[in-house]
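Computation of the quantities below employed the complete heavy-atom set of this structure, encompassing side-chain atoms and omitting hydrogens, waters and symmetry-equivalent molecules. Numbers here simply count residues along the sequence, with the first being 1.
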Amino acid sequence: QVPYQPSSPRQVANALALLRGRAGKTVDLGSGDGRLVLEAHKQGLRPALGYELNPWLLCLANYHAWRAGCHGKVSFLKKDLWKVNLSDCHNVIVFLAPSVKPPLATKLLAELPDDARVVAGRFPFPSWTPSSSLGQGLEQVWAYDMKEVRREAQ
């Protein structure tokens, strides 16, 4: 269990800027209060869903979706991100602790399609080279295109 820290409005804006113009299923791993999923949906990324283990944060996310008029249009699921199959995801948002990044990198490499993009907030993936980055300091986000990541890994 990683301590919850909500994303700032700037982090959310930066993360979604790196997904602008993309399409397909978008997931937020460890979606917290749901703000990234809601913004992704508003930006036209559909379906947009979040995986979160904390029941209080799931309630909060569903409340925020209801308040935003998105109830039933976005999903927040109580699922362990290690047990979820991500093979149909085209956009993955990850604002998780550095300790989670190496095992998560292995999972994403194994499951995501070539055209998928991973956006990491707060901490980059240590072994991957980002295709782009936005913001500075705590607001910084990194985008990784799976095709490039795989090419580099070979």
Side-chain angles (χ1 to χ4, degrees), residues 1-54 57-58 61 70 73-154:
Q1 197 77 321
V2 178
Y4 170 64
Q5 198 177 4
S7 308
S8 72
R10 173 67 22 227
Q11 284 174 328
V12 172
N14 286 347
L16 286 156
L18 293 178
L19 293 175
R20 194 160 290 127
R22 293 183 54 81
K25 183 175 179 181
T26 302
V27 298
D28 183 7
L29 301 176
S31 53
D33 66 5
R35 60 184 77 189
L36 282 151
V37 173
L38 286 173
E39 282 305 314
H41 176 80
K42 286 180 197 160
Q43 196 172 295
L45 292 163
R46 297 183 188 155
L49 57 119
Y51 293 116
E52 176 58 60
L53 285 176
N54 182 322
L57 291 172
L58 280 168
C70 293
K73 297 178 185 150
V74 295
S75 306
F76 297 102
L77 305 171
K78 187 175 185 205
K79 284 198 176 157
D80 182 334
L81 68 87
W82 303 108
K83 296 186 176 123
V84 174
N85 182 339
L86 301 171
S87 62
D88 63 343
C89 298
H90 295 278
N91 305 295
V92 177
I93 303 168
V94 189
F95 275 71
L96 294 171
S99 60
V100 180
K101 293 284 173 40
L104 185 58
T106 305
K107 177 178 173 63
L108 296 173
L109 272 171
E111 295 179 19
L112 289 178
D114 259 356
D115 67 347
R117 172 170 275 192
V118 176
V119 173
R122 292 201 192 101
F123 306 101
F125 280 88
S127 57
W128 293 359
T129 305
S131 30
S132 56
S133 173
L134 200 57
Q136 288 178 6
L138 291 173
E139 310 293 338
Q140 191 169 3
V141 293
W142 296 264
Y144 304 90
D145 292 315
M146 291 316 291
K147 196 179 276 167
E148 299 300 315
V149 171
R150 287 194 176 105
R151 190 174 296 144
E152 222 176 70
Q154 280 164 4

For [X] and [Y], which heavy atoms make the closest approach, and how far apart are they?
{"X": "Glu39", "Y": "Leu16", "answer": "CB-CD1, 2.9 Å"}
{"X": "Ser31", "Y": "Val37", "answer": "CB-CG2, 4.2 Å"}
{"X": "Gly24", "Y": "Asn91", "answer": "O-ND2, 3.6 Å"}
{"X": "Trp142", "Y": "Gly121", "answer": "CZ3-C, 4.3 Å"}
{"X": "Pro124", "Y": "Tyr144", "answer": "CB-OH, 3.2 Å"}
{"X": "Phe76", "Y": "Gly34", "answer": "CE2-CA, 3.5 Å"}

Test your reading of the model: is there a side-chain donor-acceptor pair from [X] to the backbone of [Y], 3.5 Å cut-off?
{"X": "Glu52", "Y": "Leu57", "value": "no"}
{"X": "Lys78", "Y": "Leu58", "value": "no"}
{"X": "Gln11", "Y": "Val141", "value": "no"}
{"X": "Asp88", "Y": "Lys25", "value": "no"}
{"X": "Lys101", "Y": "Leu96", "value": "yes"}
{"X": "Lys107", "Y": "Leu86", "value": "no"}
{"X": "Ser75", "Y": "Leu49", "value": "no"}
{"X": "Arg22", "Y": "Leu45", "value": "no"}
{"X": "Arg46", "Y": "His41", "value": "yes"}

Are any of the side-chain heavy atoms of [X] and [Y] separated by less than 4.5 Å?
{"X": "Leu109", "Y": "Trp128", "result": "yes"}
{"X": "Pro102", "Y": "Pro126", "result": "yes"}
{"X": "Met146", "Y": "Pro113", "result": "no"}
{"X": "Ser7", "Y": "Leu36", "result": "yes"}
{"X": "Trp82", "Y": "Leu104", "result": "yes"}

Can you tell me how far the [atom1] atom of [X] sits from the [atom2] atom of [Y], to the nearest 0.5 Å?
{"X": "Glu148", "Y": "Ser132", "atom1": "CD", "atom2": "OG", "result": "11.0 Å"}
{"X": "Asn14", "Y": "Ser8", "atom1": "CG", "atom2": "OG", "result": "7.5 Å"}
{"X": "Asp80", "Y": "Leu29", "atom1": "CG", "atom2": "CG", "result": "10.5 Å"}
{"X": "Gln43", "Y": "Leu19", "atom1": "CD", "atom2": "CG", "result": "6.5 Å"}
{"X": "Arg151", "Y": "Asp114", "atom1": "CZ", "atom2": "CG", "result": "8.5 Å"}
{"X": "Leu134", "Y": "Arg10", "atom1": "CG", "atom2": "CZ", "result": "7.5 Å"}

Original post:
Applying the side-chain contact (heavy atoms from CB on, under 4.5 Å) test to Arg117, which of Ile93, Val149, Asp145 qualifies?
Top reply: Asp145
**OP:** Take atom CG of Leu77 as the centre, draw a 6.0 Å sphere, and report whether it contains more than 12 heavy atoms from other residues, nucleotides or ligands.
**Re:** yes
